[in-house]
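In what follows, a structure is listed as structure tokens, so that the remarks can point back to it.
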Number of protein chains: 2
Amino acid sequence: MNEISLIPDTCADCPIRHRAVCAKCESDELERLDAIKYYKSFKAGQAIIWSGDEMDFVASVVSGVATLTQTMEDGRTQMVGLLLPSDFIGRPGRPLASYDVTATTDLVMCCFRRKPFEDMLVETPHIGQRLLEMTLDELDAAREWMLLLGRKTAREKIASLLSIIMRRDASLMLKTGQGPLVFDLPLTREAMADYLGLTLETVSRQISALRRDGVIALEGKRRIIVPDFDLLLEETGDDADGGMLA
Amino acid sequence: MNEISLIPDTCADCPIRHRAVCAKCESDELERLDAIKYYKSFKAGQAIIWSGDEMDFVASVVSGVATLTQTMEDGRTQMVGLLLPSDFIGRPGRPLASYDVTATTDLVMCCFRRKPFEDMLVETPHIGQRLLEMTLDELDAAREWMLLLGRKTAREKIASLLSIIMRRDASLMLKTGQGPLVFDLPLTREAMADYLGLTLETVSRQISALRRDGVIALEGKRRIIVPDFDLLLEETGDDADGGMLA
DNA sequence: GGCGGGTCTTGATCTCGATCAATGACCAGA
DNA sequence: TCTGGTCATTGATCGAGATCAAGACCCGCC
């Protein structure tokens with residue numbers, strides 16, 4: 001039950017050491033960060049922050065998956081961020097949260113008290129430089145996502161989401177021999193719908209359709225098997241070369 | 001015909017001096033920037049950059065409006081950025097353009113040669129700090145945009161776009177007496193459709209509907225008159241307080 | 001002053017995904 | 001073992017926006 005074993009003893013042991021906001025830090029900078037940081041764990045489904053909450057910290061996702069969502073007055077919900085290990089939560093200089101943040105799997109965060117973090121942002125350039133890189137990457141991802149939301153069909157949206165999740169946690173992915181790739185969806189059908197701008201029924205139908213057509217196979221509800229990754233890519237509507245950024 | 005008169009003589013005269021990437025620069029930093037900069041003008045409709053092009057500069061929009069768009073193989077197009085004066089074009093460290101950039105009005109850009117700009121980014125923290133702020137703002141805007149694309153109705157999308165354009169160039173806006181606000185759309189119906197993830201026919205129909213319902217009035221095709229801004233805001237689907245970021 | 005092309009509007013019809021509704025699968029707890 | 005709850009699937013029908021099509025408006029140009 002206790003997830004404390006997943007919390008790294010030192011930054012050197014940290015699974016996101018080389019990809020998170022601290023990636024460029026020297027050991028003296030890490031020591032300074034160490035003094036203002038603490039770990040926090042959440043269970044799958046638990047709310048981390050509500051939009052409008054006061055936020056006295058910023059954080060990195062150490063393990064697990066969280067989502068950023070916006071909700072309209074009448075309840076319509078859109079996911080606007082999918083946070084995987086090493087991703088950053090919060091905005092320096094902003095005291096109130098702008099989005100709802102929810103853990104969709106069990107999750108560990110490495111939190112930094114906001115004020116001292118902001119001071120370090122000014123004083124130690126490595127953190128600001130890394131945060132700029134990460135923010136530019138997120139902006140690129142947001143722009144791909146906008147193309148998906150505005151112009152892709154439901155089937156293309158599902159195929160795109162599957163390939164995005166596969167790519168983003170490629171390191172954690174289970175490989176079965178040569179070809180087929182296996183991974184677990186960290187999202188419910190409803191969360192997938194909120195990501196894609198669809199209803200959960202349409203998500204379910206399109207997953208069934210992709211299964212019928214042999215593009216994917218299922219093991220239980222959450223485990224996806226992709227026998228041929230190129231076949232999945234063709235269904236995304238992206239360019240053959242992945243439509244990825246040059 | 002010659003737009004050269006719109007090019008500022010010195011940075012002190014520059015209309016975007018206090019909002020662009022150079023906003024935090026001291027005079028010595030401005031001098032360094034000055035040595036690597038040049039102005040470039042474009043006519044309405046002209047392509048500035050194609051996705052995949054080599055880009056040996058980054059730039060600020062000085063005056064006019066440009067768009068960032070992505071196009072799928074079959075021609076489906078989605079706008080992913082609307083660049084108004086002071087907005088930044090290009091990504092430090094990236095030699096190839098990721099998006100098509102097009103001038104939708106006559107436009108002046110202040111370009112910086114990329115390599116020396118990247119050097120300054122490392123050496124003078126003010127530029128990197130400002131670029132980080134601007135990028136975080138763009139990311140917030142992209143997330144609002146995702147909510148619009150994924151969950152808003154066609155009518156809400158149009159109302160949202162109108163209020164976004166009004167807000168963003170509020171400074172340039174023509175005020176007629178007290179209440180009614182007047183502004184010119186810097187986009188064709190087709191560009192609006194690409195912004196909103198709609199067809200141009202639907203854009204046209206919804207604009208007509210908002211006109212019929214008295215939410216807006218038209219003067220020609222491009223000039224919009226808003227008799228009551230609150231009425232327009234109600235049509236956007238956003239929270240009463242603008243749904244804006246805390 | 002009429003012609004041609006770009007831009008915009010409006011109408012008729014179709015279709016994809018939403019909505020409404022029922023059922024199934026799975027699991028934790030009584 | 002049964003029960004209630006969450007999550008997912010599938011079917012029937014509806015409707016917002018896409019698509020196809022026809023004109024209107026506007027402006028520069030020969």
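Below, each value reflects all heavy atoms present in this structure, side chains not excepted, and no hydrogens, waters or symmetry copies. Order of the sequence lines sets the chain letters (A, B, ...), proteins ahead of strands, with each chain counted from 1.
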B:R76 CZ to C:dC16 C1': how many Å, rounded?
13 Å
Strictly under 3.5 Å: I want the nitrogen or oxygen pairs between protein and nucleotides 24-27 of chain C, one per line.
none

Just do the side-chain contact (heavy atoms from CB on, under 4.5 Å) check on B:R151 and A:D194 with the steps written out, would you?
CA-CA 9 Å; B:R151 296 303 187 191; A:D194 288 342; 3.2 Å; yes
Is the closest side-chain heavy-atom distance between B:Y195 and B:I164 below 4.5 Å?
yes
Yes or no on side-chain contact (heavy atoms from CB on, under 4.5 Å) for A:R94 and B:L136, after CA distance, side-chain angles and deciding distance?
CA-CA 11 Å; A:R94 175 174 292 167; B:L136 287 165; over 6 Å; no
Start and end of the DNA chain D segment that chain A contacts, any atom under 4.0 Å from a heavy atom
D:dA8 to D:dA12
Is the side chain of A:S208 donor-acceptor paired with the backbone N or O of A:S204 at a distance under 3.5 Å, no angle test?
yes
Stems field, DNA chain C, Watson-Crick or wobble, 3.5 Å, at least 3 pairs, by first number, holds C:1-30 with D:1-30
Can you check side-chain contact (heavy atoms from CB on, under 4.5 Å) on B:I89 and B:V61, steps first, answer last?
CA-CA 8 Å; B:I89 298 174; B:V61 175; 3.9 Å; yes
Contact residues, residues 199-206 of chain A to DNA chain D [heavy atom, < 4.0 Å]
A:L200, A:E201, A:S204, A:R205
Ignoring hydrogens and angles, tell me if any N or O in the side chain of A:T77 forms a donor-acceptor pair with the backbone of A:G75 under 3.5 Å.
yes
Step by step, would you call B:Q206 with B:M192 a side-chain contact (heavy atoms from CB on, under 4.5 Å)?
CA-CA 12 Å; B:Q206 294 297 334; B:M192 294 175 68; over 6 Å; no
For B:W145 and B:G81, the nearest pair of non-hydrogen atoms, with its separation, is CH2-N, 3.4 Å
Any base atoms under 4.0 Å from B:G45, or only sugar-phosphate, or nothing? Heavy atoms, all strands.
nothing
Any residue in residues 148-155 of chain A with a heavy atom nearer than 4.0 angstrom to DNA chain C? Just list them by number, or reply none.
A:T153, A:A154
OP1 or OP2 of C:dG6 versus the side-chain N and O atoms of B:T188: is any pair under 4.0 Å?
no
For B:F57, what residues pass the ring-ring contact (aromatic ring centres under 6.0 Å, His included) criterion, not counting sequence neighbours?
none
